[in-house]
Amino acid sequence: MTTKQEILQRYEAFARWYDLAELLPEVLGLRSLRQRLLGRASGAVLEVAVGTGRNLPYYPQSCQLTAVDLSPAMLTIARKRATKLGLPVSFETMDVEKLAFPDQTFDTVVDTLGLCTFPDPVAALREMARVCRPDGRLLLLEHGRSDREMLGRWQDRRADRHAKRLGCRWNREPLDLVRQAGLKVLAAEQTLFGIFHLLEATPGEPGPVT
Ligand SMILES: C[S@@+](CC[C@H](N)C(=O)[O-])C[C@H]1O[C@@H](n2cnc3c(N)ncnc32)[C@H](O)[C@@H]1O
């Protein structure tokens, strides 16, 4: 498994190339998925693993934004993006598994393209649920194993090599992870060759997993 330290080192080095590397997927559909997801955000919003801040342009103006990431280099780019957009965002360097916020602080908690990278994605989701109000929303845009069998098997075969290179485990099952974390799924959509997931969930009740 890739450790947090290794992930941090990777993103510190990759930060200045990240937006360039993301250009093609953004144009091919990721950008419109971001727009659709973030249109549903409201109130006090926490975005975890904010990266270079690619979601920032798509939040409704009424949102109060807090954003965290493990990598200071990624956050430096996100800060510049927020300044350019004229958005007041409170940025902090923070591990998603140890969020320094009290329980039930946020109306909306957002993660995009993070579950593939976190060493323990279920622990991360539980921590995101902890800081979300009981009637709040967790909004996720994640990529995972395609439901097109041939493509899914191809991802499986290359998963170790891909993870070693980029620290990204691209054959995880985001919906299963959300359920394992005990969240209540309100909406789930799989798109773009069955690779991308748009998920909306609430922290859910303790007890049986939905
Ligand atoms: C693939 S990038 C996604 C960035 C952004 N959310 C987006 O949609 O473009 C993954 C991000 O997760 C961050 N990250 C990885 N592990 C983390 C952790 N344990 N806590 C917080 N951020 C983490 C990385 O630094 C990186 O910025």
Side-chain angles (χ1 to χ4, degrees), residues 1-39 41 45-59 65-82 85 89-101 106 108-131 138-144 162-172 174 177 181 191-192 195-199:
M1 192 173 76
T2 319
T3 65
K4 254 177 226 174
Q5 193 53 36
E6 287 166 340
I7 290 167
L8 172 61
Q9 280 168 4
R10 248 176 222 141
Y11 279 98
E12 286 295 278
F14 187 40
R16 61 192 169 128
W17 303 110
Y18 184 81
D19 284 344
L20 191 62
E22 280 295 299
L23 204 59
L24 191 61
E26 294 289 333
V27 172
L28 292 179
L30 200 49
R31 187 181 300 165
S32 72
L33 294 179
R34 291 184 192 277
Q35 273 167 342
R36 280 180 52 206
L37 184 80
L38 298 161
V45 177
L46 171 67
E47 182 171 340
V48 302
V50 64
T52 59
R54 295 210 69 106
N55 293 325
L56 295 178
Y58 310 124
Y59 284 102
L65 299 176
T66 301
V68 303
D69 198 284
L70 197 61
S71 158
M74 295 293 271
L75 281 173
T76 298
I77 298 172
R79 276 197 186 91
K80 284 186 190 149
R81 182 167 264 134
L85 292 165
V89 184
S90 168
F91 288 103
E92 287 189 59
T93 308
M94 207 179 282
D95 179 355
V96 64
E97 284 180 38
K98 290 182 204 142
L99 296 171
F101 304 107
F106 297 98
T108 310
V109 180
V110 173
D111 177 47
T112 64
L113 315 182
L115 293 185
C116 55
T117 307
F118 306 146
D120 186 344
V122 172
L125 283 164
R126 288 197 178 123
E127 185 63 351
M128 288 161 63
R130 180 186 68 75
V131 300
L138 289 107
L139 300 178
L140 309 172
L141 164 59
E142 303 293 347
H143 69 88
H162 186 74
K164 212 173 229 173
R165 218 157 40 92
L166 296 172
C168 159
R169 208 139 262 286
W170 68 0
N171 62 344
R172 284 182 174 160
L177 295 172
T191 184
L192 296 181
I195 290 175
F196 285 88
H197 295 250
L198 279 175
L199 299 168

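When a ligand or atom number is given, it counts from 1 through the structure's own listing order.
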K.L.:
For atom 8 (O) of ligand 1, grab the closest protein heavy atom and report residue, atom and distance to one decimal in Å.
P.N.:
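That would be Thr112 OG1, 2.6 Å.
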K.L.:
Mind checking the OH-CG spacing from Tyr11 to Leu8? Nearest 0.5 Å is all I need.
P.N.:
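Nearest 0.5 Å value for the OH-CG distance: 11.5 Å.
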K.L.:
Is a side-chain donor or acceptor of Glu6 paired with a backbone partner of Thr3 at a separation under 3.5 angstrom?
P.N.:
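Present.
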K.L.:
Quick test of your reading of the structure: of Asp95, Thr93, Asp69, whose heavy atom lies closest to atom 11 (C) of ligand 1?
P.N.:
Asp69
K.L.:
Just which atoms of ligand 1 are under 4.0 Å from any heavy atom in Met94?
P.N.:
20 (N), 21 (C)
K.L.:
For Leu113 and ligand 1, answer yes if some heavy atom of the residue is under 4.0 Å from a ligand atom, otherwise no.
P.N.:
yes
K.L.:
Would you say Glu142's side chain and His197's backbone share a donor-acceptor pair under 3.5 angstrom?
P.N.:
no
K.L.:
Which bit of Ile7 gets closer than 4.0 Å to ligand 1, counting heavy atoms only: side chain, backbone, both or neither?
P.N.:
side chain
K.L.:
Indicate yes or no: does Glu22 engage Arg54 in a salt bridge with an N to O separation below 4.0 Å.
P.N.:
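Result for this pair is no, no salt bridge flagged.
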K.L.:
Thinking salt bridges, do Arg34 and Glu26 make one under a 4.0 Å N-O criterion?
P.N.:
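Result for this pair is yes, salt bridge flagged.
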K.L.:
Nearest 0.5 Å, what's the CG-CZ distance between Leu46 and Phe106?
P.N.:
4.5 Å
K.L.:
Please report whether ligand 1 has a polar contact with Tyr18, defined as an N or O pair separated by less than 3.5 Å (distance criterion only).
P.N.:
yes
K.L.:
Show the nearest heavy-atom pair for residues Ser71 and Glu12, with the distance to one decimal.
P.N.:
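Smallest heavy-atom distance, with atoms named: OG-OE2, 2.6 Å.
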K.L.:
Taking 4.0 Å as the limit for heavy-atom contacts, which would you say applies to Thr117 with ligand 1: side chain only, backbone only, both, or neither?
P.N.:
side chain
K.L.:
Do the charged groups of Arg81 and Asp19 touch, with an N to O distance under 4.0 Å?
P.N.:
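Judged by the 4.0 Å cut-off on N to carboxylate O distance, Arg81 and Asp19 do form a salt bridge.
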K.L.:
With atom 12 (O) of ligand 1 as the reference point, say which of Cys116, Ala123, Ala49 has the nearest heavy atom.
P.N.:
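Considering heavy atoms of Cys116, Ala123, Ala49, the nearest to atom 12 (O) of ligand 1 sits in Ala49.
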K.L.:
Numbering the atoms of ligand 1 from 1, which are under 4.0 Å from a heavy atom of Arg34?
P.N.:
7 (C), 8 (O), 9 (O)
K.L.:
Do me a favour and list the nearest non-hydrogen protein atom to atom 20 (N) of ligand 1 with residue, atom name and distance?
P.N.:
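Ranking protein heavy atoms by distance from atom 20 (N) of ligand 1, first comes Val96 N, 2.9 Å.
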K.L.:
For residues 91-101, dump all side-chain donor-acceptor pairs below 3.5 Å to protein atoms at least two apart in sequence or in another chain.
P.N.:
| unit_1 | atom_1 | unit_2 | atom_2 | d |
| --- | --- | --- | --- | --- |
| Asp95 | OD1 | Glu97 | N | 2.9 |
| Asp95 | OD2 | Lys4 | NZ | 2.7 |
| Glu97 | OE1 | Lys4 | NZ | 3.3 |

K.L.:
Determine, using heavy atoms of Met74 and all atoms of ligand 1, whether some pair is separated by less than 4.0 Å.
P.N.:
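Met74: in contact with ligand 1 (<4.0 Å).
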K.L.:
For atom 16 (N) of ligand 1, grab the closest protein heavy atom and report residue, atom and distance to one decimal in Å.
P.N.:
Phe118 CD2, 3.6 Å
K.L.:
Compute the shortest N/O to N/O distance between Leu70 and ligand 1 and return yes if it is under 3.5 Å, no if not.
P.N.:
yes
K.L.:
Using a 4.0 Å heavy-atom cut-off, which part of Val68 comes near ligand 1: side chain, backbone, both, or neither?
P.N.:
neither
K.L.:
Mind checking whether Glu22 has a heavy atom under 4.0 Å from ligand 1?
P.N.:
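No.
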K.L.:
Can a donor-acceptor pair be found, under 3.5 Å and without considering hydrogens, that links the side chain of Arg169 to the backbone of Thr117?
P.N.:
no
